[in-house]
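Presented below is the structure to which this report refers.
First the proteins, then the strands, lettered A, B, ... as listed; each starts at 1.
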Amino acid sequence: MINKIVKTPAIAVNDIHDGATVMIGGFGEAGSPIELIHALIDQGAKNLTVVSNNTGSGNIGLAALIEHKRVKKMICSFPRTANSTVFPELYNAGEIELELVPQGTLAERIRAGGAGIPAFYTPASVNTPLAEGKESRVFNGVEFVLEYGIKADFALVKSAKADRYGNLLYHATARNFGPIMCTASKTAIVQSKSIVEAGEIDPETVVTPGIFVQRVVEITNPAHESELVANQMKYPW
Amino acid sequence: MINKIVKTPAIAVNDIHDGATVMIGGFGEAGSPIELIHALIDQGAKNLTVVSNNTGSGNIGLAALIEHKRVKKMICSFPRTANSTVFPELYNAGEIELELVPQGTLAERIRAGGAGIPAFYTPASVNTPLAEGKESRVFNGVEFVLEYGIKADFALVKSAKADRYGNLLYHATARNFGPIMCTASKTAIVQSKSIVEAGEIDPETVVTPGIFVQRVVEITNPAHESELVANQMKYPW
Amino acid sequence: MVETGKKIGWDRAEMAQKVAIDIPDGSYVNLGIGIPEMVADFVPEGRELIYQTENGLLGMGKVPEEGKEDRELVNAGKKCVTTIAGASYFHHADSFSMIRGGHIDVCVLGAMQVSEKGDLANWSTGAKNAIPAVGGAMDLVAGVKRIFVITQHVTKKGVPKIIEECTFPLTGKQVVESIYTDLAIIDVKKDGLFVREMGPNVDFDYLQKQTGVELNQYNK
Amino acid sequence: MVETGKKIGWDRAEMAQKVAIDIPDGSYVNLGIGIPEMVADFVPEGRELIYQTENGLLGMGKVPEEGKEDRELVNAGKKCVTTIAGASYFHHADSFSMIRGGHIDVCVLGAMQVSEKGDLANWSTGAKNAIPAVGGAMDLVAGVKRIFVITQHVTKKGVPKIIEECTFPLTGKQVVESIYTDLAIIDVKKDGLFVREMGPNVDFDYLQKQTGVELNQYNK
């Protein structure tokens, strides 16, 4: 019987190796898989390349992973938040690399990685510093830039409902990067608010088909990032 | 108030012009918008370029549109069916053009057209006759072929449920090309088995967001293509 | 000549209202973070606009009542929002397919600088120690049909933001259609910038002095 | 030497069974139209395979009971199917993301010709008046991790299908991992074709005579 359910976040992230590329879902707080990130901090893997839209808040979640110097390089669109100094300090100290990618290009590069598309052309960033050094090409009189698919060794993603096959439903705008990150990673690890029996999720409504998911762990009461930040929590606590 | 609902298929297809590119949903019978196609036959537009996976069955639906010589060119992956001689006869007589595209490339080209991606690379068809004359390029030691996005003036699509905004749900494998064709066409025209009030479709389950749809017409009892073919029906009847 | 002691130009709410009036009924609209968000409060009676937020929601509604916030139902500025009846959620690649694919009618953005040709700079001053952060701005200006900019006419230090060539790194080249400032509404045309409307107690000479590039008047 | 009067080789069901045995538990599988579809009937007890059909369904189930067919719930061969508990529907671009993106473990396809290098020809004879039709075959061979071919060893006219170089237009180059015929199971290796197993009453000499290219034996 196919059963992708694992018991704890620690087991779920157990084999993330030093130097791995890890995609981490979330748009700010929404969809951020905090419990999986904390398990990864406990696990100790370092020299990670992290693909995530932001760089985390306060001193918990992704910001804590960065603060503990586990991240060699960030690939993201918006590495600034009002309430975190972790990334800026390391960046200005030259201790973390940054590949800045327009948000839509980041999303499309992840989707391409998952869809077996090695490269595609986009109009975003043409004539801006972010297109410097990149190949460009004119189609029908309009200039486009060549961008490459991104794949990862692992993805950490948060879902609302899952089953043993790895079929996923998300909640509201917590969906964001989750579905495409699952497709682009060899091992997609999902923390889900609930796990239900196979067949309880209507096949018409499945957002991430189970084929894209390798492990699911149930986290029924995930922490709220903004609450942890408001309480000035630091991980590990 | 935004209201994309129109009363009849005739009104829905009224402005399809001679020479238009028209995407037509469906994988065989599943998802084929027969009533819209028949309305298009009645309407009379000709010299059409049709993008559709197949070329229709018997003498109804897409096969009838082809039989009435309204189609100048087909862009499709599988122009053969067990029960239609319409396309083969015109093709062998040199009266219809064919651009044969691998099914996954066809799907991705349509998606690219809708997503503002002018071109992308795919491994499908490399080293085959379908890659002849196409640009190719090696990424990480593997050869890929350059393929271009496809856009259309109109799309004809079948859905199961719709609302006044054009939000759509589909039924089972009738979904196939519908969602991507809506995105790639200037005017997406949808026949829906039912139309419900805005808000009745759960936002988590919407398959085609209304932004991609311009017109919706309710067809509560669509004809079954296989029944029409079995009864040797010919359109117009 | 502008008289002193009188209110000069529009306040933010009035600027937002001016933008709102120019968005046609039935439009799909993406509002940037900050002043652009205020546009939603001034949609003229009888018009229905649909708001897209690039983090995966079409049919964004009003700010939620206090105590009813859902921290995972947010807009691009990460503020809590609601949904209208008829909304839909989707993932980021689908969201930017809407944007890049030209399906959004209007995008309203803030600006650091706008050039005579409609070039927009709104993501970075290029300063050495600034952390570069671009978000979805480059995709929006590349893909949305009409780009409206809403901004103060000059910086807090009084430096013109509407200039001949942007000195800050660009977000996009030749992308802005119209600029809504506290002093005027200015259209970007092939042959230059044209003043469509001036705010209360603003005259053309005053406006020109606050602007880093030559302005034109319609019908002159 | 093969004795006459005895059944030579495997029938279609046995061929399908041989393929089924070689598909690991938990695999995601795409079955081509025709004989490949029979593979699903022979999955060994205790294994769970998930079937994908490229027209937008993961978790395809058995043929429906008579009278319970849904004409819009079909497989790639346009035959009515059912879904398992845990199935999902998706559109064509997402479906081929699964295929092209390397997420399907095994694809079983029919063949017109297979070459010594594992080239596959299964979509067109290249004949003048034939209507070319390719479907999803080229995407499948380009994207799926392991391609198994199931085919009669020779054509109805007795012409070998396993040959040095395909004469028909290719579906894909160097894509086939193993060939399951009525006479043998043959693995495509870098240094040639290797016979892994022969059917009842088939010996190597007989098999070689039915084959258009030199075969190798393991451990020889």
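When all heavy atoms of D:M138 and B:P102 are compared, the closest pair comes out as SD-CG, 3.9 Å. Residues B:L100 and D:P132 approach most closely at CD1-O, 3.5 Å, considering heavy atoms.
Residues of residues 88-102 of chain D lying under 4.5 angstrom from chain B, judged on non-hydrogen atoms, are D:Y89, D:F90, D:H91, D:H92, D:A93, D:F96, D:R100 in numerical order. Using a 4.5 Å heavy-atom cut-off against chain B, the contacting residues of residues 168-190 of chain D are D:P169, D:L170, D:T171, D:G172, D:K173.
Distance alone, capped at 3.5 Å, is enough to place a donor-acceptor pair between the B:T173 side chain and the D:V74 backbone. Not a single donor-acceptor pair under 3.5 Å links the side chain of D:N55 to the backbone N or O of B:N176.
Residue contact with chain D, scored on non-hydrogen atoms closer than 4.5 Å, is absent for B:V207. Contact of B:Y170 with chain D is not made at all, since no heavy-atom distance falls under 4.5 Å. Using a 4.5 Å cut-off between heavy atoms, B:H224 contacts chain D through its side chain alone, with no backbone atom that close. Heavy atoms closer than 4.5 Å to chain D are found in the side chain of B:L98, but not in its backbone. Contact of B:F27 with chain D is made through backbone and side chain together, with heavy-atom distances under 4.5 Å.
Within a 6.0 Å radius of CZ in B:R137, other residues, nucleotides and ligands contribute more than 12 heavy atoms. By the 6.0 Å contact criterion, CD on D:E197 is enclosed, its count of non-hydrogen atoms from other residues, nucleotides or ligands being greater than 12. Few gaps surround NZ on D:K78; more than 12 heavy atoms of other groups in view lie less than 6.0 Å from it. Enclosure of atom NZ in B:K69 is not indicated, since only 12 or fewer non-hydrogen atoms of other residues, nucleotides or ligands lie within 6.0 angstrom. No more than 12 heavy-atom neighbours from other residues, nucleotides or ligands sit within 6.0 angstrom of CG on B:N140.
Annotation: side chain of B:S125 is not in contact with side chain of D:V134 (no heavy-atom distance under 4.5 Å). B:N92 is listed as a side-chain neighbour of D:I131, based on a closest heavy-atom distance under 4.5 Å.
Comparing D:G135, D:A87, D:A121 by how many heavy-atom pairs each has under 4.5 Å with chain B, the most go to D:G135. Ranked by heavy-atom pairs shorter than 4.5 Å toward chain D, the options B:P88, B:S32, B:A30, B:G104 are led by B:G104. By number of non-hydrogen pairs under 4.5 angstrom with chain B, the leading residue of D:A76, D:A133, D:A142 is D:A133. Per-residue heavy-atom pair counts under 4.5 Å with chain D were compared for B:G178, B:A107, B:C76, and the maximum is reached by B:A107.
From B:S77, atom OG reaches atom CD of D:E54 across 9.0 Å, with rounding to the nearest 0.5 Å. Here the CG-CD distance, from D:D139 to B:E108, works out to 10.0 Å after rounding to the nearest 0.5 Å.
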